[in-house]
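Quick notes on the structure that follows.
Letters go in sequence order (proteins before strands), and every chain restarts at 1. In what follows, every heavy atom counts, from backbone to side chain, and hydrogens, waters and symmetry copies are set aside.
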Amino acid sequence: MTRVRVEVNGTAVEREVEPRLLLSDFLRHDLGLTGTHVGCEHGVCGACTVLLDGASARSCLMLAVQCDGLSVTTVEGLARNGELHPVQAAFREAHALQCGFCTPGFVMAVTALLEERRGEKLSDDEVREALAGNLCRCTGYQNIVRAVQIAAGSEG
Amino acid sequence: MKPPPFDYHVPATVDEAVALRTADSDAVVLAGGQSLVPLLNMRLARPSALIDLRCVGGLSYVRAGEGGVAVGAMTRQRELERSAEAFEACPILREALELVGHPPIRNRGTVGGSIAHADPAAELPAVLCVLGGRVGATGPRGTREIAADDFFLYPFTTSLEPDEVLTEVFFPKAPSGSGYAALELTRRHGDFALAGVCAVVSNGSARLCFTGVGGRPVLVDSDEPDAWQAAIDPSADATGSADYRRQLVAVLGRRALELARARSAQ
Ligand SMILES: Cc1cc2nc3c(=O)[nH]c(=O)nc-3n(C[C@H](O)[C@H](O)[C@H](O)COP(=O)(O)OP(=O)(O)OC[C@H]3O[C@@H](n4cnc5c(N)ncnc54)[C@H](O)[C@@H]3O)c2cc1C
Ligand code: FES
Ligand code: FES
């Protein structure tokens, strides 16, 4: 067992874990944060995307022990005082989800994208390229792109 | 749990990492994990131990100088992609890095990891070869430099010894006035390419390095399509036939030369 200290959604967490425990399973099983979804568990679908010190990362391609000393943000950490985060609100407004399985991963990837390109105008092509690592089997992506543009407008 | 059990080491120095590798030949180095963790999850890799380099100091840097860009092995791919001084010295780096996976992959994946992994379809090894770069490695016998062309041997196999750690990757500047291009064809943006090419042209000479069409990056010092076809050895897989890859090499090579020449004229 190895000791890991991480900040998860602003709260300090300290646990003894097996080194082979994936960050995705640590979040879901050990911390009960089941908003982070797992699809492929080899890096392809993006459902498990979280923020590590603000940058997007696949939680299925990280060991929990690798996060020692880092801060992790999951979809549960976005809303403030019961108010949806602007990206979440835009997804609802644009009807950018159907079954919702892929949604937490998209929301985290979009949050990182808009943070990085704050104040810039993004073309639809740029949005599609930035989100090419997230797969959705339901929506056809059209409304997801629209949601990103809404969120970009409301934040910029 | 998806990965098999393993011991986990977090050395603080390169020497400690080398000592751990020397003591246990089944232990493997963990860098960004973007290739190794999928292999663990699928249990295609069953190492006795992981030697995680994340706490080794001094392995994450981008230093652009007269001769080119020196990059610490643990530098994240995304950091190199966004480095203004690296772009100025070696603009082909950014063009190639933007083709590597997706932003979350490049946020974690390291430059040294991509080079050490030596996937024949990967972009960075081709950039290193086309620029005539080199890597630095440290082992129990000390530190040595290995030229790119001597480094990549077969798919996923390099001339790094089992007890060595890759510490630095050096990308030389192309001659002044030269032009460059990095192009590839993928089924979906961010996938590994069916075939790709990195090209550098200067003063009438052309050097191309193809990916995905041989056991390692295929370097050709010629702008003759026949010479490219003679050098490559493509095979078929679920994404495309060998003949299709030959066709792609002809098309991508021509487009890369056109783009590189247009840029060199400026
Ligand atoms: C969905 C997806 C898409 C991808 N698409 C692309 C793509 O289009 N192009 C591309 O090039 N790559 C792609 N990758 C792979 C990615 O670029 C990896 O980051 C890279 O291949 C490995 O770097 P890493 O730091 O993650 O290394 P790790 O996964 O940690 O290690 C990879 C291998 O290198 C060895 N190693 C790493 N560092 C060292 C060192 N310093 N010394 C000695 N040995 C070392 C490890 O032991 C291991 O065998 C993709 C990955 C995923 C998950
Ligand atoms: S579950 Fe992590 S990328 Fe698919
Ligand atoms: S909404 Fe169902 S997978 Fe995207």
Which donor-acceptor pairs sit under 3.5 Å apart between chain B and chain A?
residue: B/P3; atom: O; partner: A/R20; partner atom: NH1; Å: 2.9
residue: B/N41; atom: ND2; partner: A/E41; partner atom: O; Å: 2.8
residue: B/N41; atom: ND2; partner: A/C60; partner atom: O; Å: 3.1
residue: B/R54; atom: NH2; partner: A/V65; partner atom: O; Å: 3.0
residue: B/R78; atom: NH2; partner: A/E116; partner atom: OE1; Å: 2.9
residue: B/R78; atom: NH2; partner: A/E116; partner atom: OE2; Å: 2.5
residue: B/H102; atom: ND1; partner: A/G133; partner atom: N; Å: 3.3
residue: B/N107; atom: ND2; partner: A/S56; partner atom: O; Å: 2.8
residue: B/N107; atom: ND2; partner: A/S56; partner atom: OG; Å: 3.1

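Of the atoms belonging to A/L113, not a single heavy atom falls under 4.5 Å from chain B. For B/L30, the part lying under 4.5 angstrom from a heavy atom of chain A is the side chain only. For B/L50, the part sitting under 4.5 Å from any heavy atom of chain A is the side chain, from C-beta outward, and nothing else. Of the atoms belonging to A/V44, not a single heavy atom falls under 4.5 Å from chain B. A/L63 touches chain B through its side chain: at least one heavy atom from C-beta onward sits under 4.5 Å away, while N, CA, C and O do not. Contact of A/A57 with chain B is made through backbone and side chain together, with heavy-atom distances under 4.5 Å.
In terms of non-hydrogen atom pairs under 4.5 Å with chain B, the most contact-rich of A/G43, A/G46, A/G133 is A/G133. Between chain A and the options B/G190, B/C55, B/P4, the largest number of non-hydrogen pairs under 4.5 Å is found for B/P4.
Within a 6.0 Å sphere centred on OH of B/Y61, other residues, nucleotides and ligands contribute more than 12 heavy atoms. Counted within 6.0 Å of CD on B/E258, heavy atoms from surrounding residues, nucleotides or ligands total more than 12; the atom is thus considered enclosed.
Atom CE in B/M1 sits 5.0 Å away from atom CG in A/L21 (nearest 0.5 Å).
Here the side chains of A/M62 and B/V37 are not in contact, with every heavy-atom distance at 4.5 Å or above.
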